[in-house]
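Every chain is numbered from 1 and lettered A, B, ... according to where its sequence line falls, protein lines coming before strand lines. Computed from a predicted model, the values in this text were never measured in an experiment. Below, all heavy atoms of this structure are taken into account, side chains as well, without hydrogens, waters or symmetry copies.
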Amino acid sequence: MLIGVHRLIYDVVYRIPHGKVATYGQVAALAGLPQRARLVGYALAAAGGPEDLPWHRVVNAKGEISPRSDPDGHEDLQRRLLENEGVVFDRKGRLSLPAYRWNPQSPRNR
DNA sequence: TCGCTGACCCAGG
DNA sequence: CCCTGGGCCAGCG
């Protein structure tokens, strides 16, 4: 990690728009770290949830909030934050990826 | 240096 | 839908 994989990951997470979500694998790919979805999870766990990092917009490939091992991992908080942004969950606690997945195609993103 | 342990993902059966 | 197996990697004893 010449420049810190965590930083690369956070840079991508910061760009996920309000009301949209990205999967762990998607974030990894956008960060230039294909095949390293797990690393994204570890990075977010290590982040501790800074006020300015939209960590709650990262969900797993099934459209669910990934279960934490840490009992204080704030899974419910993540769901509340998303619902607060207009994201709707179904009975099984899943959201529609086709509807909410972030599609980073705007060239002028900085 | 080794071993273990995770906010994951995907193809198969 | 469930389960398996393989791929991924940093941090801490």
Starting at atom CZ of A:R101, determine the distance to atom P of B:dC9, rounded to an integer number of angstrom. 9 Å
How many whole angstroms separate atom CD1 of A:I9 from atom C1' of C:dA10? 10 Å
Whole angstrom is fine here: how far is it from CG in A:L44 over to P in C:dA10? 15 Å
Distance, rounded to the nearest Å, where A:K62 contributes NZ and B:dC8 contributes P: 9 Å
CD1 of A:I9 to CG of A:L30: how many Å apart, nearest 0.5 Å? 11.5 Å
Could you please name the option among C:dA10, C:dC8, B:dC8 that lies closest to any side-chain atom of A:R36? C:dC8
Mind checking A:P67 for me? I need base, sugar-phosphate or nothing, with any heavy atom below 4.0 Å counting as a touch. sugar-phosphate
State which of B:dC10, B:dC8, C:dC8 makes the closest approach to the side chain of A:Q35. C:dC8
Can you find a side chain N or O atom of A:R94 that sits less than 4.0 Å from OP1 or OP2 on C:dC1? yes
Would you mind checking if A:R79 and A:E75 are paired as a salt bridge, meaning a charged N to carboxylate O distance below 4.0 Å? no
Distance test, side-chain N/O of A:R38 to OP1/OP2 of B:dG6, below 4.0 Å: no
CG/A:N60 to OG1/A:T23 distance, rounded to the nearest 0.5 angstrom? 8.5 Å
Whole-Å distance separating the OH atom of A:Y42 from the P atom of C:dG7: 15 Å
How many angstroms lie between CZ in A:R57 and CZ in A:R15, if you round to the nearest 0.5 Å? 13.5 Å
Atom-to-atom span, CG of A:L8 to P of C:dC9 - whole angstrom: 14 Å
Using whole Å, report how far CG of A:N60 lies from P of B:dG6. 17 Å
Atom pair distance, as rounded to whole Å: CD in A:E64 and P in B:dC9: 10 Å
